[in-house]
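Keep in mind that this is a model prediction, so the values were computed, not measured. Sequence positions, counted from 1, serve as the residue numbers for this chain.
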Amino acid sequence: DNIPSIWMPRLSHVEDYDESLKAAIIRYYGSAKNLCRQAGMVPFREWNFMERQHDLMVTLKEYCDENCGGDYSVFPQYVRLRQEGHDRLFRLIQDFGGRQYVAARFGMSHGEGRDNHLEFEL
């Protein structure tokens with residue numbers, strides 16, 4: 001996996017492990033954010049977002065490979081995802097803006113027989 005391994009856990013997780021460690025982080029760095037910045041670690045929320053986005057991409061690719069013969073041009077239908085029990089993929093798509101938005105971001109058509117690509121500017 002090409003996922004970085006340096007990320008900062010939530011302070012509540014640090015506290016569960018060692019309460020004195022949490023106190024030391026706050027005393028010496030002022031906050032977990034300052035520690036992350038100085039140590040070059042990815043903050044928990046940012047890491048969590050990237051990890052879920054990675055999960056979406058991997059899960060969608062696996063779905064297309066297994067159910068669409070590796071065709072990445074057409075986004076799967078919600079109805080089909082639900083009928084086939086792909087609830088995790090369904091939830092990830094919803095979490096990242098819904099079928100139309102995710103399909104557009106990946107350059108996939110989200111409708112039958114018509115061009116539904118949306119243009120996005122960053």
Side-chain angles (χ1 to χ4, degrees):
D1 296 333
N2 293 321
I3 303 173
S5 59
I6 302 174
W7 58 279
M8 177 65 191
R10 290 179 146 168
L11 282 181
S12 60
H13 295 152
V14 172
E15 185 177 89
D16 291 344
Y17 175 73
D18 183 352
E19 194 170 322
S20 63
L21 180 58
K22 178 183 175 184
I25 289 170
I26 293 170
R27 184 172 50 249
Y28 292 111
Y29 295 98
S31 69
K33 186 176 182 178
N34 290 339
L35 171 61
C36 287
R37 189 177 308 120
Q38 290 182 23
M41 296 189 300
V42 178
F44 176 80
R45 286 189 176 147
E46 189 176 329
W47 173 262
N48 188 35
F49 178 82
M50 289 186 305
E51 188 172 47
R52 288 184 326 117
Q53 196 171 48
H54 180 262
D55 286 345
L56 170 62
M57 290 185 281
V58 169
T59 306
L60 180 58
K61 181 186 182 310
E62 288 172 353
Y63 177 86
C64 290
D65 288 344
E66 293 171 12
N67 299 288
C68 305
D71 180 9
Y72 308 114
S73 64
V74 179
F75 204 80
Q77 298 286 327
Y78 270 156
V79 172
R80 189 170 173 198
L81 291 175
R82 298 301 294 258
Q83 287 173 345
E84 295 173 353
H86 296 280
D87 295 329
R88 182 168 176 260
L89 179 56
F90 179 84
R91 282 191 305 277
L92 284 167
I93 293 166
Q94 287 184 320
D95 288 349
F96 282 95
R99 186 172 175 271
Q100 183 177 357
Y101 182 79
V102 174
R105 295 301 290 170
F106 290 138
M108 301 169 81
S109 173
H110 63 80
E112 300 292 327
R114 58 180 194 243
D115 185 12
N116 289 315
H117 293 282
L118 301 177
E119 295 297 324
F120 287 91
E121 291 186 31
L122 297 178

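- Applying the ring-ring contact (aromatic ring centres under 6.0 Å, His included) test to F106 and every residue at least two apart in sequence or in another chain returns nothing.
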- Message: Is there a side-chain contact (heavy atoms from CB on, under 4.5 Å) between R52 and D95? Walk through the geometry before answering.
- Response: CA-CA 9 Å; R52 288 184 326 117; D95 288 349; 3.9 Å; yes
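- Residues P76 and R99 approach most closely at O-NE, 2.8 Å, considering heavy atoms.
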- Message: Quick one, H86 with N67, criterion side-chain contact (heavy atoms from CB on, under 4.5 Å). Give me CA distance, side-chain angles, the key distance, then yes/no.
- Response: CA-CA 11 Å; H86 296 280; N67 299 288; 3.9 Å; yes
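- Atoms CE and CG, on M108 and D71 in that order, are 7.5 Å from each other to the nearest 0.5 Å.
- For the pair R82 and F90, the cation sits on the ring face: its NZ or CZ lies under 6.0 Å from the ring centre, inside 45° of the axis.
- Put simply, the side chain of L89 reaches to within 4.5 Å of the side chain of L56, judged on heavy atoms.
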Please set out all donor-acceptor pairs under 3.5 angstrom arising from side-chain atoms of residues 57-64, sequence neighbours excluded.
| from | atom 1 | to | atom 2 | distance (Å) |
| --- | --- | --- | --- | --- |
| T59 | OG1 | D55 | O | 2.6 |
| T59 | OG1 | R88 | NH1 | 3.0 |
| K61 | NZ | D65 | OD2 | 2.7 |
| Y63 | OH | R80 | NE | 3.4 |
| Y63 | OH | E84 | OE1 | 3.0 |

- Item | Full working for side chain to side chain donor-acceptor pair (under 3.5 Å) between N48 and R45 | CA-CA 5 Å; N48 188 35; R45 286 189 176 147; over 6 Å; no
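- Smallest separation of non-hydrogen atoms from Q38 and Y29: OE1-CE2, 3.3 Å.
- For an aromatic pair to be called close, the ring centres must be under 6.0 Å apart, and Y101 with F96 fails this.
- To the nearest 0.5 Å, the span separating NE2 on H54 from CH2 on W47 amounts to 9.0 Å.
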